[in-house]
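Every value quoted in this text rests on a predicted model; they were computed, and no experiment measured them. Scope of the values below: all heavy atoms of this structure, side chains included, with no hydrogens, waters or symmetry mates. Letters A, B, ... are given to chains in the order of the sequence lines, protein chains preceding strands, and every chain is numbered from 1.
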Amino acid sequence: MTQPLAPQYNPSSIESELYRWWTDRGLFSPESHAPGSGEPYVIMMPPPNVTAVLHMGHGLNNTIQDVLIRFERMRGRRALWLPGTDHAGIATQNVVERELAQEGLTRFDLGRDAFVERVWAHVRATGSAIIEQLKSIGSSADWSRTYFTLDEGLSRAVRETFVRLYEEGLVYRGHYIINWCPRCLTALSNEEVEKDEVDGHLWHLRYPLADWSGYLTVATTRPETMLGDTAVAVHPDDERYRHLVGREVRLPLVQRLIPIIADAAVDPAFGSGAVKITPAHDPNDFEIARRHQLPSIDVMTPEARISLAAPARFQGLDRFEARRQVVAELEKAGLVERIEDHRHAVGHCYRCDTVVEPRLSDQWFVRMEPLARPALAAYRDGTLRFVPERRGDDYAGWLEGIRDWCISRQLWWGHRIPVWYCDAAGCGKVSVSRNDLSTCPGCGGPVRQDEDVLDTWFSSWLVPFSSLGWPETTPDLETYYPGHTMVSAPEIIFFWVARMIMSGLHFMGGVPYTDIYLHGTVRDTQHRKMSKSLGNGIDPLEVVRRYGADALRYSLVSGMSVGTDVILDPNDLEASFAPGRNFANKLWNAARFILSNLTGATRPLAGQRGNSVRRSELTLADRWIIARCDATVAEATEAYERFRLNDAAAAVYRFIWSDLADWYIEQVKPRLYGDQPGGDVARAVVAQTFDVALRLLHPVMPFITEALWRRFPGRPESASISVAPWPRPDQRARDPEAIRDFGLVQELVGAIRAIRAEYGVQPGQTIRAVVTPESTVTAAALEHERATVIRLAKLSALTLGESRERVGGHAVLSDGTAVFVPLGDAIDVGRECGRLGTEVDRLARLVESQEKKLGNDQFVARAPSDVVERERQKLTTWRDQQLVLVKKRELLGCV
RNA sequence: GGGCGAAUAGCUCAGCUGGUUCAGAGCGCCUGCCUUACACGCAGGAUGUCGGGGGUUCGAAUCCCUCUUCGCCCACCA
């Protein structure tokens, strides 16, 4: 204790200082807090985008990880939480391109090298912002190991991976239909396409037969693609069209003659049963075209404008403008049979929400099936555990239907594909190399490197080992691979989690972690995802400023149960975060009181040392709080272990507020003041239980618990709660009798307080109470805590025995103990009769239904005997209570 | 089109293996208190057909079926 604490906790005045103190001492590095000892425990932080600004999703994700890592750190594990940032190819490139657009420039104006340099400058300027923000919510990651996915080391890992997979035949270049974003001007993987239901139309178009003898109707949702049609397909068994197969239609507007073919992929029941085939703009059509050796005509530019391959009047039109014009012309020609409303899923770019265009192009792919097989096996054999369990089905389902991964991106920001082409006539060698090439290994001539970069996720899927130094065999790699817990969101399973497992198995021979905890999404009260565009976001830093990081963390943790979403109200921060702030303030004030009453080091509660508190020195209340504390240790520990962070927080909250503050501290006060007998015992009990509570709470509320814990007298200056040993349940602390007996004391005080409130007894006025204990045990307990009852119920006297008076307030405790508070004139007899009457009626109903239950032979015969016994006990108790109250009513002369 | 989840107090949610947390917590609301740790507090209180219907069982908020509403994920019927 140095200076007295202010009556109101002010988080901002201590948080940054404490954080600096932690990092100065290197407490977040596993080496420093447990040198060479303890089993490693590793969490890989999902690397935020390097340009990201902290939002609630980060807040939730990182709070969970921090709780887990702090918990395991205190349990003595060599806890490593490894952070990093992701270069985030498309996202970051978009940011800088937008910046350029402000200056009226495009990346093409700068050229590749200058543009990349510009992105680096941007990253260097803003790059550490998200890291600093993560620190301000208390994240105890080992920042000394922070990586960036474009670092030299990780780049080497990326290249090694690409080359090895190529050598194994798992990376290949192919000419396929891929998802193309016409705004980002790049290919996307299937996972990067978000399907949204859109109200569209189904156009039924008439294609005249070549000899003008009739027409064939096709149905399409994208009429503009007809400009690139090279066939019409029907099902081979479709009687309606069988006679047309092999003949030709004249493609309207283009006047190209195209064949009518038969292919089993056509669904005769959909639309007209005839499909226009546009091999360059639809994956199905592409497959059909391959089977029938049809030509592809690409009628769109990368920007999704109509290309030179289409008739001149359409060239240069945007795809949607082209759609209108194509339809208009067809209508004029009488070739539109009808237009149906049609709701269907349309792919959108996950970065810019532009409608994705299927496009035929040369891209690099990873053959996924061989990688997926072991990843699936690791789930099936129980190596991987998902929390919540059902998420494992999502994982397995995706792996089962896995498709090859398109990894090339037509961007400039990212890992350049390590492939060099030789253009020399007669050579044309394609070289895949770990080192940069300047000449062709085949002919010695000049080479040019592939222009494309790799999908961002191609570097992040390696993080569990690339961040530890792979492909080198570093000590870090040997110690911290494999890790343990992955904390992520369900939508990241496919992008990242599953792929990390595949790469881990393939390159390291084992899964990167075993437990996969998938949390929910932060939403507003209308259950909408918080987003910038909706303007329903809550800035975590604003919450930190107003309520403190601990309050933020407490609210996130307690608002979330395993796998459920967290709902916060952006319009009422008070509702969401005041509970956490209030709790912090409660702790602060409890500590203020406790610490001001500790004069020095306290006696140990249990142990062999000479001055240990002996059991015989403990009061009933002491034994009770020690037992409650012990139960809380067990409860919280189990909850943390099971990822039930909300349960852990609730257990500690309950203990601190309801048990320690409301009851124990209130009852122990007289013993703490001055030099009372037993004061040293009281101080020992209150100090020890509060110390334990702070430790149990530390993972959730690290700042305030550290600030208070450090202030205990006798604490070494260097001690930090963040590496204090985790409390363990103690068999000797278990004390069911104390729980029961002190429970009666609490009940009695509550009963008297209720009577006081009921009859408006002035708060300052003391009254008498006469209590008729149901048993000698009850009598002993009440006798023992007589002073407690007197003080907390504000009594002038507490008499155990029968009362001769009649007029007053009556109550009965759960064990049948009768309580009488003589109030004389102050009481309205009629009112008291009514009050007791309601209570008697309530008990009568309980007794009646209980008698029915126990009168049921089936119940008595079939229910387990302990259940039956318990139910009998209940009946007896309720009867006793009822009896007591009935007698009271008689005494009062109620009618 | 397939799969999954949710529905409990005005709000946000606990309630895990059917019976001792069984109808709960916090916020909000009502009444009274500036009781020297805390008004970001203390004490007392009100509020529920546990979404509807059916079933299993001695016993259902809890298990099964079904309906309704909401949400999410997956899907190449153009």
- Message: Does A/Ala661 reach a base, just sugar-phosphate, or nothing at all? Heavy atoms under 4.0 Å.
- Response: base
- Item | Rounded distance in Å - CD1 (A/Ile493) to P (B/G5) | 14 Å
- Message: So, does A/Arg403 get its side chain near the phosphate of B/A75, meaning an N or O under 4.0 Å from OP1 or OP2?
- Response: yes
- Message: Is the phosphate of B/A37 approached by A/Tyr673 (side-chain N or O, under 4.0 Å from OP1 or OP2)?
- Response: yes
- Just say parallel, tilted or perpendicular for the rings of A/Phe386 and A/Tyr395, cut-offs at 30° and 60°. tilted
- Verify the distance criterion only: is there a donor paired with an acceptor across the side chains of A/Trp398 and A/Glu191 at less than 3.5 Å? yes
- Query: Heavy atoms under 4.0 Å, any strand shown: does A/Ala345 hit a base, just sugar-phosphate, or nothing?
  - Reply: base
- State which of B/G71, B/A78, B/G45 makes the closest approach to the side chain of A/Arg523. B/G71
- For A/Arg390, which contact category applies under a 4.0 Å heavy-atom criterion: base, sugar-phosphate, or nothing? sugar-phosphate
- Task: Look at atom CD of A/Gln765 and say whether more than 12 heavy atoms of other residues, nucleotides or ligands are closer to it than 6.0 Å.
- Result: yes
- Task: Using the C1' atom as the reference point in each nucleotide, state the distance between B/G28 and B/C65 in Å, no decimals.
- Result: 38 Å
- Identified pairing partner of B/U56, criterion: Watson-Crick or G-U wobble below 3.5 Å: none
- So what's B/C33 paired with, Watson-Crick or G-U wobble, going by both distances under 3.5 Å? B/G41
- Query: Counting side-chain heavy atoms from C-beta on, which of B/A37, B/U12, B/A78 comes nearest to A/Phe270?
  - Reply: B/A78
- So A/Phe690 and A/Tyr664, ring-ring contact (aromatic ring centres under 6.0 Å, His included) or not? Walk me through it. CA-CA 11 Å; A/Phe690 190 55; A/Tyr664 188 71; over 10 Å; no
- Message: Nearest to the side chain of A/Phe494, heavy atoms from C-beta on, is which of B/C73, B/U21, B/C72?
- Response: B/C73
- Message: Need one value for A/Arg753: base, sugar-phosphate or nothing, where a base atom within 4.0 Å counts as base even if backbone is also close, heavy atoms only.
- Response: sugar-phosphate
- Message: Please classify the nucleic acid contact of A/Ala578 as base, sugar-phosphate, or nothing, using heavy-atom distances under 4.0 Å.
- Response: nothing
- Task: Hunt down the Watson-Crick or G-U wobble partner of B/A6, both distances under 3.5 Å, from any strand shown, or write none.
- Result: B/U69
- Task: Would you classify A/Pro579 as touching base, sugar-phosphate or nothing, given that sugar-phosphate means primed atoms plus P, OP1 and OP2, and contacts are heavy atoms under 4.0 Å?
- Result: sugar-phosphate
- Message: Looking only at side-chain N and O atoms, does A/Thr278 offer a donor or acceptor that is under 3.5 Å from a partner on A/Lys276?
- Response: yes
- How long is the line joining CG of A/Leu645 and P of B/A14, in whole Å? 13 Å
- For atom OH of A/Tyr653 and atom C1' of B/C27, their distance in whole Å: 10 Å
- Closest nucleotide among B/U21, B/C38, B/G44 to the A/Glu635 side chain: B/U21
- Message: Applying a 4.0 Å non-hydrogen cut-off, can you work out what A/His204 is touching in the nucleic acid: base, sugar-phosphate, or nothing?
- Response: nothing
- Separation of B/A37 atom P from A/Leu660 atom CG, nearest Å, is 15 Å
- Complement of B/G1, any strand, by Watson-Crick or G-U distances under 3.5 angstrom: B/C74
- Message: By nearest atom, which of the nucleotides B/C33, B/C13, B/C72 is closest to the A/Pro763 side chain?
- Response: B/C33
- Task: Please state the C1' separation for the pair B/U20 and B/G59 - nearest whole angstrom.
- Result: 15 Å
- Query: In the strands shown, is B/G26 matched to any nucleotide by a Watson-Crick or G-U wobble pair with both distances under 3.5 Å, and which?
  - Reply: B/C11
- Message: Regarding A/Pro864, tell me which of base, sugar-phosphate or nothing describes its non-hydrogen contacts under 4.0 Å with the strands shown.
- Response: base
- Message: For A/Asp691 and A/Thr689, which I'm curious about, is there any donor-acceptor pair between the side chains at under 3.5 Å?
- Response: no
- Rounded off to whole Å, could you give me the NZ-to-C1' distance for the A/Lys794 and B/G44 pair? 12 Å
- Message: Are A/Tyr547 and A/Tyr554 an aromatic pair, judged by ring center distance below 6.0 Å?
- Response: no
- Item | First encountered from the 5' end of RNA chain B, between A/Tyr9 and A/Glu871 | A/Glu871
- What integer number of Å spans the P atoms of B/C29 and B/C22? 29 Å
- With rounding to whole Å, what would you report as the distance between B/A46 and B/C27 at their C1' atoms? 16 Å
- Within the structure shown, what part of the strands sits under 4.0 Å from A/Glu197 by heavy-atom distance: base, sugar-phosphate, or nothing? base
- Task: Could you check how far CG of A/Asp572 sits from P of B/C29, rounded to whole Å?
- Result: 11 Å
- Under 4.0 Å: is that the gap between some side-chain N or O of A/Lys669 and OP1 or OP2 of B/A37? yes
- Query: Counting just side-chain N and O atoms, does A/Trp657 come under 4.0 Å of either OP1 or OP2 of B/C42?
  - Reply: yes
- Message: Looking at A/Glu224 and A/Arg319, is there a salt bridge between them, counting it only when a charged N and a carboxylate O are closer than 4.0 Å?
- Response: no
- Message: Taking only the P atom of each, what is the distance from B/A75 to B/U56 in whole angstrom?
- Response: 42 Å
- Task: State whether A/Arg644 places a side-chain N or O below 4.0 Å from either non-bridging phosphate oxygen (OP1 or OP2) of B/G15.
- Result: yes
- Item | Residue-phosphate contact under 4.0 Å: A/Lys195 side-chain N/O, B/C73 OP1/OP2 | no
- Between A/Arg791 and B/U35, is there a side-chain N or O to OP1/OP2 distance below 4.0 Å? no
- Atom-pair distance (CG on A/Asp647; P on B/G24), nearest Å: 18 Å
- By the Watson-Crick or G-U definition, both distances under 3.5 Å, B/C16 is matched with none
- A/Asp341 and A/His201: side-chain donor and acceptor closer than 3.5 Å? yes
- Message: Nearest to the side chain of A/Ala757, heavy atoms from C-beta on, is which of B/G44, B/A78, B/A37?
- Response: B/G44
- Message: Less than 4.0 angstrom between a side-chain N/O of A/Asn856 and OP1 or OP2 of B/G59, yes or no?
- Response: no
- Task: Round to a whole Å and report the spacing from NE2 of A/His281 to C1' of B/A78.
- Result: 15 Å
- Message: Need one value for A/Asp662: base, sugar-phosphate or nothing, where a base atom within 4.0 Å counts as base even if backbone is also close, heavy atoms only.
- Response: sugar-phosphate
- Message: Can you check the distance between B/A78 and B/G5, where both ends of the measurement are the P atom (answer in whole Å)?
- Response: 28 Å
- Note on the structure: Of A/Gln8 and A/Ala274, the one whose closest nucleotide on RNA chain B sits nearer the 5' end is A/Gln8
- If you look at every strand shown and take non-hydrogen atoms under 4.0 Å, does A/Arg756 touch a base, only sugar-phosphate, or nothing? nothing
- Query: At under 4.0 Å between heavy atoms, what does A/Thr564 touch on the DNA or RNA strands: base, sugar-phosphate, or nothing?
  - Reply: sugar-phosphate
- Query: Expressed as a whole number of Å, how far does the C1' atom of B/C13 sit from that of B/A6?
  - Reply: 12 Å
- Within 6.0 angstrom of A/Glu848 CD, more than 12 heavy atoms from elsewhere: no
- May I ask you to verify if any side-chain N or O of A/His344 is less than 4.0 angstrom from the OP1 or OP2 atom of B/C76? no
- Item | Under 3.5 Å donor-acceptor pair, A/Glu666 side-chain atoms to B/A37 base atoms | yes
